[in-house]
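Taking it in order: structure first as structure tokens, then the write-up.
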Amino acid sequence: MVDPHRNVGRTIIFSIAICVVVYLLVAFAVGSSLSLDEIVAAKDHSLAEAAEPVLGPCGFYFTIALAVVATASGLLASVFAVSRMLAMLTDMEMIPHSHFGMSGPIREHTLVYTVVIASGLTVFFDLCRIASLRAFYLVMDILIHWGVFRRLHQEIGASGWVLVTAIALDVLG
């Protein structure tokens, strides 16, 4: 990648912008195809319900198939991203590590840990409870940003306004 310090940030911003546009287009498509009562009745498959009048029954099932593929790919991407981050933090000795009798590198261990923990959360908690864990993440994120702002931002060259903006967005989230 040419000039990664500049282009990685741009790539992330472009990706987020594309996602926002796609989500807005999907919301507009569903809102213009279905009434509010139909959207509420359809619940989790309102996009597929909105596709059915336009594309017929095949459109309904095609939309569901696309949603399954998108969910699976997002899940895989998240699992690998989290496991790589855990491996990096383990290599930096920021979190403890135990092999639990497994052979292979730490990266494979953290992949197993991530899948086991995510599977356990999925089995033992319903989706509403898992979503409520988001509040814990936001509080943790605010505390980390605040700690960096108060103690490290000059040392590591972090922009204070970026940290304050992140805290504000976390509070709004």
Side-chain angles (χ1 to χ4, degrees), residues 1-24 26 43-48 61-153 155-159 162-163 165-173:
M1 177 182 282
V2 178
D3 194 10
H5 286 309
R6 189 169 141 200
N7 290 327
V8 168
R10 285 182 175 178
T11 304
I12 291 170
I13 290 171
F14 286 142
S15 299
I16 291 171
I18 290 168
C19 287
V20 166
V21 169
V22 168
Y23 278 114
L24 289 174
V26 167
K43 291 185 182 175
D44 296 331
H45 61 278
S46 59
L47 180 60
Y61 292 112
F62 180 69
T63 304
I64 290 175
L66 285 177
V68 168
V69 170
T71 301
S73 65
L75 180 66
L76 283 174
S78 296
V79 164
F80 281 103
V82 168
S83 67
R84 296 223 17 149
M85 180 63 75
L86 284 174
M88 182 186 76
L89 292 173
T90 301
D91 288 339
M92 294 170 63
E93 297 181 359
M94 295 181 79
I95 59 172
H97 177 73
S98 177
H99 292 281
F100 293 113
M102 290 188 288
S103 62
I106 290 174
R107 189 177 64 214
E108 291 176 8
H109 299 180
T110 56
L111 181 63
V112 171
Y113 303 154
T114 303
V115 170
V116 168
I117 291 170
S119 300
L121 286 172
T122 304
V123 168
F124 294 113
F125 296 108
D126 64 357
L127 290 178
C128 293
R129 293 233 172 119
I130 293 172
S132 70
L133 292 174
R134 176 176 170 254
F136 169 75
Y137 167 78
L138 287 174
V139 169
M140 181 183 68
D141 203 41
I142 290 168
L143 292 174
I144 290 171
H145 286 124
W146 180 251
V148 170
F149 180 75
R150 291 272 300 160
R151 307 224 188 269
L152 295 173
H153 85 277
E155 181 181 325
I156 64 173
S159 297
V162 171
L163 293 167
T165 302
I167 291 170
L169 291 173
D170 282 343
V171 168
L172 291 174

Q. What is the minimum heavy-atom distance between Val171 and Ile142, and which atoms define it?
A. CG2-CD1, 3.8 Å
Q | With Leu24, the side-chain contact (heavy atoms from CB on, under 4.5 Å) member among Val20, Val26, Val22 | A | Val20
Q. Roughly how far, to the nearest 0.5 Å, is the CD1 atom of Ile144 from the CD1 atom of Ile167?
A. 11.0 Å
Q | Distance, nearest 0.5 Å, that separates OG1 of Thr165 from CG of Asp170 | A | 11.0 Å
Q. Just how far is it from atom NE2 of His145 to atom CE of Met140, taken to the nearest 0.5 Å?
A. 10.0 Å
Q. Which heavy atom in Asn7 sits nearest to a heavy atom in Thr11, and how many Å separate them?
A. O-OG1, 2.6 Å
Q | Point-to-point distance, once rounded to the nearest 0.5 Å, from CZ of Phe80 to OG1 of Thr110 | A | 10.0 Å
Q: Please indicate whether Met85 has more than 12 foreign heavy atoms, meaning atoms of other residues, nucleotides or ligands, lying under 6.0 Å from its CE.
A: no
Q) Do Met88 and Met92 come close enough that some side-chain heavy atom pair is under 4.5 Å? A) yes
Q.
With rounding to the nearest 0.5 angstrom, report the OG to CD distance, Ser83 to Glu108.
A. 10.0 Å
Q | Interatomic spacing from CZ in Phe149 to OG in Ser159 - rounded to 0.5 Å | A | 11.0 Å
